[in-house]
Q: 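Please read through the structure below; I'll follow up with questions.
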Amino acid sequence: MTTSAILRGMNPQQCQAVTAGDGPVLVLAGPGSGKTRVLTHRIAYLVQERGVRAWHIVAVTFTNKAAREMENRVVGLLGGSGQLDGLSIGTFHALCARILRVEADYTPLTRDYVIFDTDDQLSVMRQVIAELNLDPKKNNPRTLLNAVSAAKNELIGPAEYQPRDYADEKIRRVYVRYDELLRENNARDFDDLLMHTVQLFREHPDVLERYQRRYRYILVDEFQDTNMAQYVLVRLLAGLHRNLFVVGDPDQSIYAFRGADYRNVQRFREDYPDAQVILLEQNYRSHQAILDAAMGVIDQNPDRPKKKLFSERKQGPLIHVYEAYNEDDEARFVVETIADLVARGEYEPGDFAIMYRTNAQSRALEEGFRRANMPYRVVGATAFFGRKEIKDVIAYLRLIHNPDDNVSLQRIINVPTRGIGLKTLETLDTWAADLGTTAPQALMLLLDENVDAPFTGRARHALTAFAEQLAEWRAVRDQLAPDELMTRVLNDTGYLSYLDDRTEQGESRIENVLELRGYAEQYAGLPLSTFLEEVSLVSDVDTRDDDENRPSLMTLHSAKGLEFPVVFIVGLEENILPHARSISPERNPLATADEKEAARRAVEEERRLFYVGITRAKDRLYLVYATIRSLYGDSRANLPSRFLYDIPEKVREGAALSRRARADRDQEQFQALLRWDRGASLEDRPRRAGSARPAAATRFKGGDLVWHSKYGEGVVLSVKNSGDMELVDVLFPGDVGQKTIVADFLKRMEE
DNA sequence: CTGACTAAGTTTTTT
DNA sequence: ACTTAGTCAG
């Protein structure tokens with residue numbers, strides 16, 4: 001392979017990026033500009049043309065999926081020959097986990113540490129709340145966890161945390177205790193992996209230097225999604241050779257809510273003033289109408305350089321906007337459009353994607369697909385490793401592996417039930433505390449019959465039996481492969497029969513556990529720790545069929561990085577996209593300036609999310625909103641999303657986006673919905689009763705002008721049914737602002 | 001200690 | 001509407 005082969009078919013900017021010389025490089029790429037291709041081809045170029053040993057290259061991504069794809073592409077370019085030996089492609093977390101394990105001597109935890117996921121973190125946090133006597137009603141463990149996580153992302157350890165007010169002081173105490181508890185469990189959370197690696201490097205320059213010498217070329221994908229800790233880590237690693245190659249698109253930054261900071265792009269420019277900056281603006285995915293729509297939407301965000309996306313593809317069909325009656329009509333429109341396009345032979349089922357803001361929205365769509373007997377696929381809805389049965393089995397293995405893992409012990413000590421109740425556990429905890437050890441360690445002391453423990457006959461017996469069991473497993477841990485150990489645990493505990501409750505769910509739980517065991521078989525010959533680490537750092541078992549030819553349903557977030565010939569974006573309503581959570585302070589007269597500023601940034605992120613969705617489409621784009629939507633048991637009438645109005649009229653067709661939907665149009669759609677409903681199978685009918693109700697339910701809807709005897713004229717923002725009351729959110733002019741009013745007190749005004 | 005009830009809370013997601 | 005964590009009677 002020669003340079004020309006690596007560069008074949010690339011435009012000048014892409015070539016420039018691939019062949020850029022040593023030193024810092026920032027590639028600012030638009031959607032569909034082939035940025036992953038640039039990264040993989042650069043790796044091939046470095047190895048092939050510049051003679052860099054693959055061992056000296058590390059490419060960092062955010063998901064295992066992206067890492068896998070990148071690896072496949074590089075292997076595809078250079079073949080499976082030995083020249084790729086030692087190439088590191090992986091996520092930030094996997095890289096850090098490996099470093100921390102190898103360098104355990106320099107860190108406070110041992111090599112055996114386990115990684116706590118969100119569930120485990122929550123249970124630690126609940127313990128913290130209990131210990132510190134905080135009011136569990138006012139202290140949501142998730143909120144506290146977010147605060148701690150934010151601090152860790154900013155590389156602020158518990159000792160460095162500087163409280164500015166009382167609320168902060170509480171967080172500081174929580175953080176300190178939370179951190180202590182993690183250490184007692186010999187555990188780290190995901191944020192720790194990053195923060196502790198940075199700390200390790202800062203405190204031990206000699207260790208850092210070893211890694212700097214090893215990783216001479218560092219490539220980062222989706223750079224706009226890095227948080228502070230990740231950025232600092234990368235900067236440290238690149239400190240010696242400065243061969244840092246980052247690729248990103250600030251307009252596609254949609255993970256600020258979990259600490260990502262697209263300003264890292266700006267920081268990079270400041271920290272590396274000599275960096276080469278390469279722009280990739282040509283789009284190879286979508287035709288111009290779609291790009292015009294995308295630019296119309298994103299250009300409304302201030303503080304960003306205006307980008308000009310252009311395509312050489314000829315103009316395609318206009319963007320179709322459809323006003324659905326409600327979420328069922330929305331589903332009907334999607335399903336019928338797909339059926340139609342497939343029947344005309346223009347597309348295959350796998351060419352379609354339906355994207356929405358929240359997972360809850362998939363329900364109505366799925367029902368529509370089922371009703372039409374059209375197969376579909378939901379992307380990433382329920383994480384395999386998040387399932388209770390999977391977590392239980394893994395907790396057993398973790399406890400066998402890590403003698404200090406109290407969180408896992410608590411999780412499974414009575415699952416399946418073995419007569420160890422709350423009281424007994426409490427006693428165990430106190431006893432352990434008195435002995436100055438942890439509960440799992442104390443438990444093992446019971447193996448000595450002579451030990452003086454505060455348990456009476458039955459409890460002592462149950463605990464001892466469990467301790468003996470645990471000791472047996474630990475004794476065989478190193479002789480058995482992970483899947484064999486798992487089988488042993490399943491048999492000894494009767495876990496599968498515990499799951500078998502003769503329901504469909506029970507059956508699928510058993511299948512899940514068996515699938516996990518199948519997954520573990522791949523780790524034959526590897527230590528249990530490798531398996532456990534992988535399980536913590538991999539989000540899903542890689543067995544789902546990607547290539548089944550069926551439409552995909554997914555959230556806008558999980559659509560990033562993908563492309564489809566035909567894309568539907570549904571639920572384009574105020575309160576859905578942008579989501580109510582991000583706009584609520586906007587109209588609240590009591591919101592502080594800070595809150596309003598936060599809301600503004602949140603809405604900008606929602607806008608980027610819509611932008612990401614639009615730019616996934618290659619040929620056809622359908623944008624759908626509903627005038628009435630049932631969500632969380634209420635039915636609400638929302639206005640069309642503000643973002644829709646930013647799509648230039650000349651590239652769209654269909655619904656007119658008037659403030660008020662026309663009555664005749666409603667009528668027509670309502671009839672279509674009824675016809676569709678009649679087609680439902682008999683089994684579906686009872687279930688349908690509930691969701692058909694909202695159709696006739698509200699007297700007002702978003703955009704209506706109303707009159708109130710006290711506040712005067714106002715405009716309806718949304719309507720919801722609560723019990724048999726219709727509650728209307730109305731915006732009044734001046735200081736009055738938004739009020740929620742019972743429909744009976746409102747009079748409709750004609751425009 | 002278990003099964004049944006009640007209250008709460010439901011954005012996005014990876015690791 | 002629906003799940004799920006927490007509480008309480010059997």
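As the structure is a prediction and not an experimental result, all values here were calculated from the model. The sequence lines fix the lettering, A, B, ..., with proteins before strands; numbering per chain opens at 1.
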Q: Taking atom C1' of B:dT13 as reference, at what distance in whole Å does atom CD of A:E222 sit?
A: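 Result: 13 Å.
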Q: Identify the pairs formed between an N or O of the protein and an N or O of nucleotides 2-4 of chain B at a distance under 3.5 Å, and give each distance.
A:
unit_1, atom_1, unit_2, atom_2, d
B:dT2, OP1, A:T417, OG1, 2.9
B:dT2, OP2, A:N414, ND2, 3.1

Q: Would you call the rings of A:F531 and A:Y523 parallel, tilted or perpendicular, where under 30° means parallel and over 60° means perpendicular?
A: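 Correct class here is perpendicular.
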Q: Quick one: A:Q121 CD to B:dT14 P, roughly how many Å, whole number?
A: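 After rounding, the reported distance stands at 15 Å.
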Q: Of the nucleotides B:dT11, B:dT13, B:dT15, which one has an atom closest to the side chain of A:L537?
A: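 From the listed options, B:dT15 comes nearest.
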Q: Is there a donor-acceptor pair under 3.5 Å between the side chain of A:E606 and the backbone N or O of A:L577?
A: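 Not confirmed, A:E606 side chain does not pair with A:L577 backbone.
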Q: Hey, does A:Y255 reach any base, or is it just sugar-phosphate, or nothing, if we go heavy atoms under 4.0 Å?
A: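 Sugar-phosphate contact only - A:Y255 comes under 4.0 Å of backbone atoms but never of a base.
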Q: Would a distance-only check, ignoring hydrogens and angles, find a side-chain to backbone donor-acceptor pair under 3.5 Å from A:N64 to A:L537?
A: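 Checking the backbone N and O of A:L537 against the side chain of A:N64, a donor-acceptor pair under 3.5 Å is found.
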Q: A:F257 stacking on B:dT12: centroids under 5.5 Å, ring planes under 30°?
A: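 Stack criterion met.
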Q: Nearest heavy atom decides the nucleotide; on that basis, is A:T555 or A:N140 closer to the 5' end of DNA chain B?
A: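 Nearest nucleotide further toward 5': that of A:N140.
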Q: Respond yes when some side-chain nitrogen or oxygen of A:N359 is under 4.0 Å from OP1 or OP2 of B:dT11, and no when none is.
A: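 So the side-chain polar atoms of A:N359 never come under 4.0 Å of the phosphate oxygens OP1 or OP2 of B:dT11.
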Q: Nearest whole Å is fine: how far is B:dT12 C1' from A:R608 CZ?
A: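 Whole-Å distance recorded here is 13 Å.
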Q: Any side-chain to backbone donor/acceptor pair from A:N185 onto A:L181? Under 3.5 Å, distance only.
A: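 At least one qualifying donor-acceptor pair exists.
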Q: Taking only N and O in the side chain of A:R258, is any of them less than 4.0 Å away from OP1 or OP2 of B:dT14?
A: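 No, because none of the side-chain N or O atoms of A:R258 sits under 4.0 Å from OP1 or OP2 of B:dT14.
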Q: Once you round it to whole Å, what is the distance between C1' of B:dT14 and CZ of A:R188?
A: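 Atom-to-atom, A:R188 to B:dT14, this comes out as 19 Å.
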Q: How long is the line joining CG of A:L553 and P of B:dT12, in whole Å?
A: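 Interatomic distance, CG of A:L553 to P of B:dT12: 15 Å.
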Q: Is a side-chain N or O of A:E330 found less than 3.5 angstrom from the main chain of A:G571, in a donor-acceptor match?
A: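 Yes, A:E330 side chain to A:G571 backbone: donor-acceptor pair under 3.5 Å.
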Q: Rounded to whole Å, please give me the gap between CZ in A:F62 and P in B:dT12.
A: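 Distance, rounded to whole Å: 20 Å.
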Q: Could you tell me how the ring of A:Y255 sits relative to the ring of A:H557: parallel (under 30°), tilted (30 to 60°) or perpendicular (over 60°)?
A: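 Rings of A:Y255 and A:H557: tilted, 30 to 60°.
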Q: Both A:R458 and A:T63 contact DNA chain B. Which one's nearest nucleotide lies toward the 5' end?
A: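 Looking at DNA chain B, the more 5' nearest nucleotide goes with A:R458.
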Q: Could A:D249 and A:K35 be called an ion pair, given the rule that one side-chain N must be under 4.0 Å from one carboxylate O?
A: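 Answer for the salt bridge query: no.
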Q: What's the CZ-C1' distance between A:R142 and B:dT13, to the nearest Å?
A: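 My rounded result for the distance is 12 Å.
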Q: Going from CG on A:L145 to OG1 on A:T118, what distance comes out if it is rounded to the nearest 0.5 angstrom?
A: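 These two atoms lie 7.5 Å from each other.
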Q: Please check if the side chain of A:R629 supplies one atom and the backbone of A:E327 the other of a donor-acceptor pair under 3.5 Å.
A: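 Not at all, since once roles are kept as given, no pair shorter than 3.5 Å links the two residues.
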Q: Just the atom pairs and distances: protein N or O near nucleotides 3-10 of chain C's N or O, under 3.5 Å.
A:
unit_1, atom_1, unit_2, atom_2, d
C:dG6, OP1, A:R126, NE, 3.4

Q: Report the distance from atom CD of A:Q252 to atom C1' of B:dT12, rounded to the nearest whole Å.
A: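 Rounded to whole Å, this separation is 16 Å.
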Q: Hey, is the main chain of A:S552 close enough, under 3.5 Å, to the side chain of A:R377 for a donor-acceptor pair?
A: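 No, A:R377 side chain to A:S552 backbone: no donor-acceptor pair under 3.5 Å.
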